[in-house]
Amino acid sequence: MRTRPTLHWTPPPDLPPGTTDLRPVVDALSAGGVLVLTGAGISTESGIPAYRGEGGSLTRHTPMTYQDFTADPQARRRYWARSHLGWRTFGRARPNAGHRAVATFARHGLLSGVITQNVDGLHQAGGADGVVELHGSLARVRCLACGALTSRRELAVRLEEANAAFAPVAAGINPDGDADLSDEQVADFRVLPCVDCGGVLKPDVVFFGETVPAARIEHCRQLVRTARSVLVLGSSLTVMSGLRFVRQAAQADKQVLIVNRDPTRGDQLAHTRVSLPLGPALSAVADALNLPADGQMTPWPGT
């Protein structure tokens, strides 16, 4: 029997309440050696919704799973049609104050690393270097047969040519780049194979139900080992891919700080959870450190 991945988490009644006091975050960054772990919440101010929380996409949308994508040609048609439309929206998204603040902290030597659960590339577009993309990137496409890695922009051009009449209106866009379309709207969409071997193409992202590569996990674990503290930004930590690093840090008696408006699965392990919008909160932290964001940005891969 096929099992479904964990998509929801119900907070227990004894979770400590969030605070609006940013001083612990300022103090941790002042000490340096902070490992930042980000989730979908840091990109909401760029127009990309979070999975969870108020208005989260999971209230109306079940993400594609690896098992469905690989087993069902119709599921792949539905995914690629919706993702092709969603890619246009991702291409218009720009880094927000939260992304720029993280890049500023890194440039001034306050961070030991940045791990993101997001696949939108906005940290890099905001000026951050060496970001570990835990779940991959929508900017790349991989062939499941021969392993060839190509540009999503290149595939988008091919899909535009093969589906010239495809111009539906989406009901919404999701953090994985999947637009909300009906089965009728995607019925005639043409899915394209790998140009090298004719195999099945998949975005170079970790779908729900898929395993993060072991080498990537170990790299992140090493970043936790060498960090002085861990700062979680915009993640509910519902899924184990991110929560495991918070647990590792807590077990090693490293300080864990969380900035997320809603409760998270890691709250009981955290020194503090700040319940504030990320952009204004991180901008205030940068100001407190006398490090105003300089606005340095790089082109996003979708442009």
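Both backbone and side-chain heavy atoms feed into the values below; hydrogens, waters and symmetry mates do not.
Residues passing the salt bridge (charged side-chain N to carboxylate O under 4.0 Å, His left out) test with Glu210, sequence neighbours excluded: Lys202. Residues meeting the salt bridge (charged side-chain N to carboxylate O under 4.0 Å, His left out) test with Arg247, sequence neighbours left out: none. Phe166 is linked by a ring-ring contact (aromatic ring centres under 6.0 Å, His included) to Phe189, counting only residues two or more places apart in sequence or in another chain. Listed by chain and residue number, Arg140, Arg142 satisfy the side chain to side chain donor-acceptor pair (under 3.5 Å) test with Asp204 (two or more places apart in sequence, or in another chain). Remark: Arg244 pairs with no residue by the salt bridge (charged side-chain N to carboxylate O under 4.0 Å, His left out) rule, at least two apart or across chains. When the salt bridge (charged side-chain N to carboxylate O under 4.0 Å, His left out) test is applied to Glu218, the partners found at least two apart in sequence or on another chain are Arg225.
Sorted pairs that involve residues 130-155 and meet ring pair (Phe, Tyr, Trp, His ring centres under 6.0 Å), not counting sequence neighbours, are lacking altogether. Residue pairs that meet the ring pair (Phe, Tyr, Trp, His ring centres under 6.0 Å) test with at least one member in residues 112-131, sequence neighbours left out, are His99-His123. The side chain to side chain donor-acceptor pair (under 3.5 Å) contacts involving residues 22-31 comprise Asp21-Arg23, where partners must be two or more places apart or lie in separate chains. The list of salt bridge (charged side-chain N to carboxylate O under 4.0 Å, His left out) pairs with a residue in residues 227-237, not counting sequence neighbours, is empty.
The hydrophobic cluster around Val195 extends to none of the other residues, as no ILVMFWY side-chain heavy atom falls under 4.5 Å of it. Here Val212 sits in one hydrophobic cluster together with Leu35, Leu37, Ile115, Val132, Leu134, Val206, Ile217, Leu223, Val224, Val230, Val232, Leu237, Met240, Leu243, Phe245, Val246, Val256, Ile258, Leu269; the rule is ILVMFWY side chains under 4.5 Å apart, joined directly or through other members.
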